[in-house]
Amino acid sequence: EVQLVESGGGLVQAGGSLRLSCAASGFTFDDYAIGWFRQAPGEEREGVSCISGSDGSTYYADSARGRFTISRDNAKNTVYLQMNSLKPEDTAVYYCAARNGYCAPDYYDYWGQGTQVTVSS
């Protein structure tokens, strides 16, 4: 069974930090790019960051660049998203997703269940 399980969400004050984890199983983790997406109520899902499975290239949305850092530990089949200097507008459900090969805006094969991030002002 393919699984992507997010953890690490919670409630944090503006300016604080959280580290999200995405634990994967059931597929060849090293071959897949892992992206982080988020969705707030009434809004469309948006890409936040991605790390490729081919060369480890990283990508960030403009809103995340400079504050968030994505990384992966292939030995643990886990991807992390370190989020610093959090803002209330970062509040959303955060999902990780897997795409065979390299990062791209679409065609992700597997999705996790999401973890809630709430940033208070």
So, Arg99 side chain and Gly35 main chain: donor-acceptor pair closer than 3.5 Å or not?
no
Taking 4.0 angstrom as the limit, do Asp90 and Lys87 come out as a salt bridge?
no
Check whether Tyr80 forms a cation-pi arrangement with Arg19 (NZ or CZ under 6.0 Å from the six-membered ring centre, at most 45° off the ring normal).
yes
Do side-chain atoms of Arg72 reach the backbone of Ser52 as a donor and acceptor pair under 3.5 angstrom?
yes
Gln113 and Glu6, any side-chain heavy atoms less than 4.5 Å apart:
yes
Please walk me through it: do Thr91 and Gln116 pass side chain to side chain contact (heavy atoms under 4.5 Å, CB included)?
CA-CA 8 Å; Thr91 296; Gln116 176 71 46; 4.0 Å; yes
For residues Tyr95 and Gly112, report the shortest heavy-atom separation together with the two atoms involved.
CD2-O, 3.5 Å
Shared hydrophobic cluster, Phe29 / Tyr110 (ILVMFWY, side-chain heavy atoms < 4.5 Å):
yes
Pick out which of Glu43, Glu44, Glu89, Glu46 makes a salt bridge (charged side-chain N to carboxylate O under 4.0 Å, His left out) with Arg38.
Glu46
Under 4.5 Å between side-chain heavy atoms, hopping through other hydrophobics if needed: is there a path connecting Tyr60 to Val48?
yes
Taking the six-membered ring for Trp, are Phe37 and Tyr94 closer than 6.0 Å centroid to centroid?
no
Distance-minimising heavy-atom pair for Ala40 and Ala92:
N-CB, 3.9 Å
Evaluate the criterion side-chain hydrogen bond (donor to acceptor under 3.5 Å, both in side chains) for residue pair Ser17 and Asn84; output intermediate values, then yes/no.
CA-CA 4 Å; Ser17 298; Asn84 299 325; 2.8 Å; yes
Do Gln82 and Leu20 have side-chain heavy atoms sitting under 4.5 Å apart?
no
When every non-hydrogen atom of Ala98 is compared with those of Ile34, the smallest separation belongs to CB-CD1, 3.7 Å
Does Leu18 reach the side chain of Leu86, with side-chain heavy atoms less than 4.5 Å apart?
yes
Do Thr115 and Val93 come within less than 4.5 Å of each other through their side chains, counting heavy atoms only?
no
Checking Gln3 side chain against Gly26 main chain: does a donor-acceptor pair fall under 3.5 Å?
no
Asp31 side chain reached by Asn100 side chain, heavy atoms, under 4.5 Å
yes
Is a donor on one side and an acceptor on the other found under 3.5 Å between the side chain of Ser63 and the backbone of Ala61?
no
Looking at Ala23 and Thr78, what are the two nearest heavy atoms and their distance?
CA-OG1, 4.1 Å
Backbone N/O of Arg67 and side chain of Ser85: donor-acceptor pair under 3.5 Å:
no
For the rings on Phe68 and Trp36, is their centre-to-centre separation under 6.0 Å?
no
Transitively linked via ILVMFWY side-chain contacts under 4.5 Å: Leu81 with Val119?
yes
So how far is it from Ile51 CD1 to Ser57 OG, rounded to the nearest 0.5 Å?
8.5 Å
Does Tyr108 share a hydrophobic cluster with Phe27, counting links as ILVMFWY side-chain heavy atoms below 4.5 Å and allowing steps through other members?
no
